[in-house]
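Each chain gets a letter, A, B and so on, in the order the sequences are listed, and its residues count up from 1.
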Amino acid sequence: MPELPEVEIIVNDLRCELIGRKIQDVQTDWPKYFQLPKSEAAFRTCVIGRVITGVDRRAKNVLIRLEGGHLLLVHQKISGRLIVGNWERTKRLIGSTGSTHSLWQPVTSAASTHQPAGRFIHLVFELDDGRQLALSDLRKFAKVLCGPRDAILNLDEIRRLGPEPLDPRFTFSDFKRLFEGRTGRIKPLLMNPNFIAGIGNIYSDEILYAARIHPLGRVDQLAEPRLRSLYRSMKAVLRKAIRLRGTGIEGSRGSPAGYDKVRMVYHQKLCPKGHVVHRIRASGRSAHFCPVEQKLYRHAST
DNA sequence: ACAATATCCTGCGAGC
DNA sequence: TGCTCGCAGGATATTG
């Protein structure tokens, strides 16, 4: 879901809202969210009472810095959205079994009424100003971790992450080096977080169109000019998406996503040049591309 | 080594 | 209207 641009926007918004706030309570109806510490009780002990001192991003992870050198990591996965607002907890009956789920509903009169993502809230951090940091997450794939900063940053899943594409220190020669000894298709490689961080299904399609590279192109056949084009397109598309406040979602402060208006191929019928966009499945995901401008070059037959 | 698939979940829209 | 089916923006484990 949120890819690098959307997470970057959320992080920037949250930074304004959260710095200086103290976390006073944690509530959830889905304790599976807690990956570290795994038990709800231990997780609560880890975060409750701590003041938020910063909000950063690494790949698609939201890193909330806490007093005492702790880090609260949230990965929103496909459907997660971190939002700040006001909700009340009620109970909802599930089926005929008599079991109940929690349900958070917007406090009427609050601005949060206007947040569509306010549905499907399953995790809430109570703040000391009466507001809440909430995770809306229809599919419940998100995960949260808390611990000493070094312990979190040294987790395999964080250490293994590829470079940040928008890091100014990430040069073309760094990018080129990533491809050394690699084979396979370009789209799944771009989406591999351990190859390069933050690029998902939407922006891999957009970047490949901008670079005029077929999603199934073989990475070992990309000559240097193609790689250079890919490098430039990657930076340009991601920066533009951030500037336009992302795709399909709203930041927690409400300005609407603007990249949708300039999307070139993802969920588009026609590309900017008017060609029909094709949709195929590539490694289990949908890939959108323009067959006219993104040729799958191959020598002879077989 | 790579590629395709299953998996964690649930709502929604399309098509019948 | 009501049902079933396929689809959904992530990342990993498993299998071929």
Side-chain angles (χ1 to χ4, degrees), chain A residues 1-10 28-36 38 57-62 73-82 92 94-95 99 101-103 116-123 135-145 155-162 178-209 215-221 237-238 241-242 244-251 257 259-260 263-268 279-288:
Chain A
M1 87 100 337
E3 302 183 31
L4 186 153
E6 291 77 25
V7 179
E8 180 72 16
I9 290 156
I10 284 169
T28 191
D29 62 354
W30 193 250
K32 273 188 172 183
Y33 281 137
F34 306 124
Q35 298 264 316
L36 186 81
K38 268 222 185 300
R57 178 186 63 74
R58 173 71 174 108
K60 296 168 188 161
N61 299 286
V62 177
L73 180 153
V74 181
H75 195 307
Q76 307 175 103
K77 292 288 179 79
I78 291 181
S79 64
R81 236 134 278 175
L82 283 170
R92 154 177 68 172
I94 299 300
S99 73
H101 270 200
S102 291
L103 173 66
R119 309 167 64 198
F120 317 122
I121 288 173
H122 295 293
L123 176 64
L135 177 70
S136 172
D137 183 24
L138 185 155
R139 292 171 74 176
K140 298 178 176 171
F141 289 171
K143 61 178 186 179
V144 295
L145 297 82
L155 291 167
D156 266 10
E157 60 199 273
I158 301 301
R159 249 184 339 99
R160 279 203 308 249
L161 287 170
L178 291 181
F179 286 86
E180 283 171 12
R182 291 283 186 160
T183 60
R185 319 271 197 192
I186 183 61
K187 165 143 171 128
L189 191 60
L190 274 187
M191 290 177 62
N192 178 352
N194 301 321
F195 178 74
I196 193 157
I199 299 173
N201 209 31
I202 297 175
Y203 293 108
S204 57
D205 283 355
E206 294 288 294
I207 290 165
L208 288 171
Y209 175 80
L216 298 183
R218 296 261 159 196
V219 300
D220 49 9
Q221 291 178 21
V237 166
L238 295 175
I242 293 172
L244 297 177
R245 293 196 62 82
T247 300
I249 62 160
E250 296 182 14
Y259 189 83
D260 284 303
R263 243 168 36 221
M264 298 172 284
V265 285
Y266 186 81
H267 274 319
Q268 293 289 353
R279 183 172 171 159
I280 57 174
R281 285 198 87 72
S283 53
R285 320 203 70 94
S286 63
H288 310 72

Test of understanding: with side-chain hydrogen bond (donor to acceptor under 3.5 Å, both in side chains), list the residues that count as partners of [X], not counting sequence neighbours.
X: A:K60; value: none
X: A:Y266; value: none
X: A:E157; value: A:K143

**Request:** Apply side chain to side chain contact (heavy atoms under 4.5 Å, CB included) to A:I242 and list each qualifying residue two or more places apart in sequence or on a separate chain.
**Result:**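 In terms of side chain to side chain contact (heavy atoms under 4.5 Å, CB included), with neighbours along the sequence ignored, A:I242 is linked to A:L4, A:P5, A:E8, A:L166.
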**Prompt:** Partners of A:P193 by side chain to side chain contact (heavy atoms under 4.5 Å, CB included), sequence neighbours excluded?
**Reply:**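 Testing A:P193 for side chain to side chain contact (heavy atoms under 4.5 Å, CB included), a comparison that skips the adjacent residues, returns A:L161.
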**Item:** Residue list, salt bridge (charged side-chain N to carboxylate O under 4.0 Å, His left out) with A:R159, at least two apart or on another chain
**Value:**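 By the salt bridge (charged side-chain N to carboxylate O under 4.0 Å, His left out) rule, A:R159 matches A:D156.
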**Item:** Selection residues 188-201 of chain A - residue pairs positive for salt bridge (charged side-chain N to carboxylate O under 4.0 Å, His left out), sequence neighbours left out
**Value:**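 Sorted result for residues 188-201 of chain A: empty, none.
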Could you pull out the protein-nucleic contacts involving nucleotides 4-8 of chain C (nitrogen or oxygen on both sides, under 3.5 Å)?
{"residue": "C:dC7", "atom": "O3'", "partner": "A:R279", "partner atom": "NH2", "Å": "3.4"}
{"residue": "C:dA8", "atom": "OP1", "partner": "A:R279", "partner atom": "NH2", "Å": "2.3"}
{"residue": "C:dA8", "atom": "OP1", "partner": "A:S286", "partner atom": "OG", "Å": "3.2"}
{"residue": "C:dA8", "atom": "N3", "partner": "A:R139", "partner atom": "NH1", "Å": "3.4"}

By nearest atom, which of the nucleotides [options] is closest to the [X] side chain?
X: A:N194; options: C:dT12, B:dC2, B:dG11; value: C:dT12
X: A:T183; options: C:dA11, B:dA4, B:dA1; value: B:dA1
X: A:E3; options: C:dT12, B:dG11, C:dG10; value: C:dG10
X: A:F141; options: C:dG9, B:dC8, B:dC12; value: B:dC8

**Message:** Identify the stems formed by DNA chain C, where each pair is Watson-Crick or G-U wobble with both distances under 3.5 angstrom and a stem is at least 3 consecutive pairs.
**Reply:**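 Output for stems: B:2-8 with C:10-16, B:10-16 with C:2-8.
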**Message:** If I pick the P atom on B:dA6 and the same atom on C:dG6, what distance separates them, to the nearest angstrom?
**Reply:**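 Roughly 13 Å separates the two P atoms.
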**Asked** Under 4.0 Å between a side-chain N or O of A:K140 and OP1 or OP2 of B:dC8?
**Response**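 False: A:K140 side-chain N/O out of range (4.0 Å or more) of B:dC8 OP1/OP2.
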**Asked** For A:K187 and B:dA3, what is the distance between atoms NZ and C1' respectively, to the nearest whole Å?
**Response**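 Rounded to whole Å, this separation is 15 Å.
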